[in-house]
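Worth knowing before you read on, the calculation uses all heavy atoms, side chains too, and leaves out hydrogens, waters and symmetry mates.
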Amino acid sequence: MTDLLDPPVQLPPVHEEVHGHDHEEHHGPTGILKWLTTTDHKIIGLSYTVTSVIMLIIGGIFAEIIRAQLATPNGSLVSLAQYNELFTMHGSVMIYLFAGPFAFGALANIMVPIQIGAPDMAYPRLNALSYWLYLTGAITMLSGFFTAGGAANFGWVAYAPLSNSVNTPGTGADLWIGGLLLTGFSAIFTGVNLCATIFYLRAPGMTMFRMPIFTWNMLVTAILILLAFPVLTAGLIMLYCDRHFGTHIFSVQGGGVPVLWQHIFWFWGHPEVYILALPFFGMATEILAVFSRKPVFGYKGMVFATLTIAALSLGVWAHHMFTTGVVLLPFFSIMSLLIAVPTGIKIFNWIGTMWRGEIWFSTAMLMAIGFVVTFLIGGLTGIYLASPPLDFFTHDTYFVVAHFHSVVMALVLAAMGGLYYWGPKITGYLLNERIGKLQFWFLFIGTQVFTFPQYALGLDGMPRRVAVYPHDPQWKWLNDWSTFGAILIGISTVLFVVNVAVSWKKYPAGDNPWDAQTLEWFTTSPPPHHNFYRLPPIRSERPTWDYNHPEHRSIEHGTDHEVPLEKEPIS
Amino acid sequence: MKTEAKLLLGLGTFFGLMCAVYWNWSLEDAGGVMMFCGMLLCFIPGSYYWWWSRHMKPRAEDDPNATQAQGAGFIATFPGTSIWPFTLGMGAFFVVLALVFGIWFLIPGLFLVAWALFGGTAEGRRGGKH
């Protein structure tokens, strides 16, 4: 263990480029050509970050219009047809274009190679291709609004037979399918890239069970992407064939099975929920550990919980289809309820990480705590929905809407925490903490004010996807509260944009502003081309902490063996 | 390498068990087939890693006591910059637009895809341009 006190080894170049290369300065094209030709995972990740935050804002604007429409029973802000387009594109933008790409395209792309001590992603050019497919896919999907028939309007799940060419003619739906094909391939390529990077480019001493939890979660996410996304892509091609080539895969008339679409869609769709959630679990874990000044509580338990969630996630898809009447209720109910076990382990481990820690209530930490609370609410209501009798009662009501908005708003909280935590590493500058905390309170309170009335509305029977409710004016006051919550969330997003503008290159961060634990905080902010000038010895899952605090270094992973100081006996 | 192999083989085994239970119980084919394929997707790379883990010396990243000096040296060739991913992405974009707006979009689409494949392969052989 003495080598922990040794100075870190100066790294010789770990790569070779044909035309020679100065390691300190990367000479290459500048300006727009740099953006078009880069293969650097940090620049690609930054492009992903900016694009996906823009998608969050676009999807958020759709949400605000939807909530404004629902504020009165006979809202006339948008027509019924426009409302269908809005809720479809709100869901599509948030799920396909924000949450996933933000997790595995933006933050994972930047952080995973640095967290494991790699110079870049395993396939840098494939990584660049992923971004271009994501960007063109987003443009394709959103360009539906500029066609004569409007954007896709069959809901983000595109159930057959509503999505066939008779019920939904027009180019908007085809653009939706095309955009989803492009972003689907983008996700698959990122999944391949993450797996290969984590399996093959770790630094010496970085064994699998010393990887940061965020990297572990991204590995499991990448495996889930590879299991789930090809199914969706295949399903979309079948849907396209049904619409244009006269096949009858999803139509009863030609001997097809409409429910097959639901099987295929949710076989992608439920692992997708964990593809969205696991990266944000990882972000929250890192933040909670750093700002509690403790290692992650139950490191191995955390890893196995993640793996268990992944294993179970392939066997729960039909809990979205209980009311179709043709699925095996007990199997899917048991599997769905079982997922509560590893998720509960995670919740307890997060609390254990904070327990008796020296908690620093920075913005990132507040966001992470807000994530745990909000996710707990979303998770617990999910347990109700895993029970078929309760699901029959609440299916397609606002209860379900409230459940998954609690979950995804928790993910947004964690995403914001991730931006406040890792932003300084990516840009070299901190964000303003005062505005950040104000943003947190607007986001956190707004989320609860937004979702709680929806739970009540759902139990009272208000269905999803309705633009007006003229026969039930008693729902107005709850909807008004929900709209008020949506406004608070909107203000929090504005505050984030204001914060980025106010803090622009104002507060230099230094290499390790949070006194953090994992390898990315060992390099400079922003990291140089190929990430590291030098690496510390890696002897635990928190090498930077061990190097900076040799007196409190971890001896084994998972436990905090603080070496007790020998006290002078009192005479 | 062993941990990576065990991870994938473990997931694959679980998917296999789950598939057997589900398929025999529900007699519904779509989900059974998809779960079976999920099992294969874990077993194929998993068994490859397992084979390699028994036929190679442990790598520095698998050794808990490795020093950073052990990792020094040549890892791989990383192209500094490349225009071909953008070209290929635009080609794929036009191919998808052909699905929506008409077959003639395939002309620029397939042209860009082919150009990018040739250009990217040639660049890979050169080892990347600076």
For [X], is it the side chain, the backbone, both, or neither that has a heavy atom closer than 4.5 Å to a heavy atom of chain A?
| X | answer |
| --- | --- |
| B:Tyr22 | both |
| B:Asp63 | backbone |
| B:Leu8 | side chain |

Q. For the ring pair B:Trp52 and A:Tyr200, is the centre-to-centre distance below 6.0 Å?
A.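 No; A:Tyr200 has its ring centre 6.0 Å or more from that of B:Trp52.
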
Q | Steps toward side-chain contact (heavy atoms from CB on, under 4.5 Å) verdict (A:Met208, B:Lys2) | A | CA-CA 10 Å; A:Met208 289 291 274; B:Lys2 273 215 168 60; over 6 Å; no

[X] versus chain B, the contacting section by heavy-atom distance below 4.5 Å:
| X | value |
| --- | --- |
| A:Trp266 | neither |
| A:Leu227 | both |
| A:Ala173 | neither |
| A:Ile116 | neither |
| A:Ile223 | side chain |
| A:Leu36 | both |
| A:Met121 | backbone |
| A:Phe332 | side chain |

Q.
Between A:Leu226 and B:Leu41, does the side-chain contact (heavy atoms from CB on, under 4.5 Å) criterion hold? Intermediate values first, please.
A. CA-CA 8 Å; A:Leu226 296 181; B:Leu41 195 68; 4.2 Å; yes

Which heavy-atom pair separates [X] from [Y] by the least distance, and what is that distance?
| X | Y | value |
| --- | --- | --- |
| A:Arg539 | B:Asn65 | NH2-O, 3.3 Å |
| B:Leu11 | A:Leu307 | CD2-O, 4.1 Å |
| B:Ser26 | A:Leu328 | CB-CD2, 3.5 Å |
| A:Leu260 | B:Ala30 | CD1-CB, 3.5 Å |
| A:Leu314 | B:Met35 | O-CE, 3.9 Å |
| A:Phe199 | B:Arg59 | O-NH1, 2.9 Å |

Q. What residue among A:Tyr131, A:Trp35, A:Trp132 forms ring-ring contact (aromatic ring centres under 6.0 Å, His included) with B:Phe86?
A.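 Checked A:Tyr131, A:Trp35, A:Trp132 against B:Phe86; only one passes ring-ring contact (aromatic ring centres under 6.0 Å, His included): A:Trp132.
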
Q) Would you say A:Arg125's side chain and B:Thr81's backbone share a donor-acceptor pair under 3.5 angstrom? A)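 A pair under 3.5 Å: no.
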
Q) Looking only at atom types and distance, does a side-chain atom of A:Tyr240 sit under 3.5 Å from a main-chain N or O of B:Leu99, one as donor and one as acceptor? A)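 Such a contact is found between A:Tyr240 side chain and B:Leu99 backbone.
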
Which value, rounded to the nearest 0.5 Å, describes the distance between [X] atom [atom1] and [Y] atom [atom2]?
| X | Y | atom1 | atom2 | value |
| --- | --- | --- | --- | --- |
| B:Ile83 | A:Thr39 | CD1 | OG1 | 11.5 Å |
| A:His263 | B:Glu28 | NE2 | CD | 3.5 Å |
| B:Leu7 | A:Leu219 | CG | CG | 6.0 Å |

Check whether more than 12 heavy atoms from other residues, nucleotides or ligands sit under 6.0 Å from atom [atom1] of [X], and answer yes or no.
| X | atom1 | answer |
| --- | --- | --- |
| B:Phe105 | CZ | yes |
| B:Trp25 | CH2 | yes |
| B:Phe43 | CZ | yes |

Looking at [options], which makes the most heavy-atom pairs under 4.5 Å with chain A?
| options | result |
| --- | --- |
| B:Gly10, B:Gly89, B:Cys42 | B:Gly89 |
| B:Pro64, B:Ala116, B:Gly120, B:Cys37 | B:Pro64 |
| B:Trp84, B:Phe14, B:Phe101 | B:Phe14 |

Which one of [options] has the most heavy-atom pairs closer than 4.5 Å to chain B?
| options | value |
| --- | --- |
| A:Thr171, A:Thr38, A:Leu182, A:Val326 | A:Leu182 |
| A:Leu175, A:Leu312, A:Thr308 | A:Leu175 |
| A:Ala311, A:Ser130, A:Ala128, A:Gly315 | A:Ala311 |

Q. Would a 4.5 Å heavy-atom cut-off, applied to side chains only, mark B:Met18 and A:Phe331 as touching?
A.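 The answer is yes, as the side chains (C-beta and beyond) meet within the 4.5 Å cut-off.
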
Q. Taking NZ, NE, NH1 and NH2 as the nitrogens, is one of them in B:Glu4 or A:Arg202 under 4.0 Å from a carboxylate oxygen of the other?
A.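 A:Arg202 and B:Glu4: salt-bridged.
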
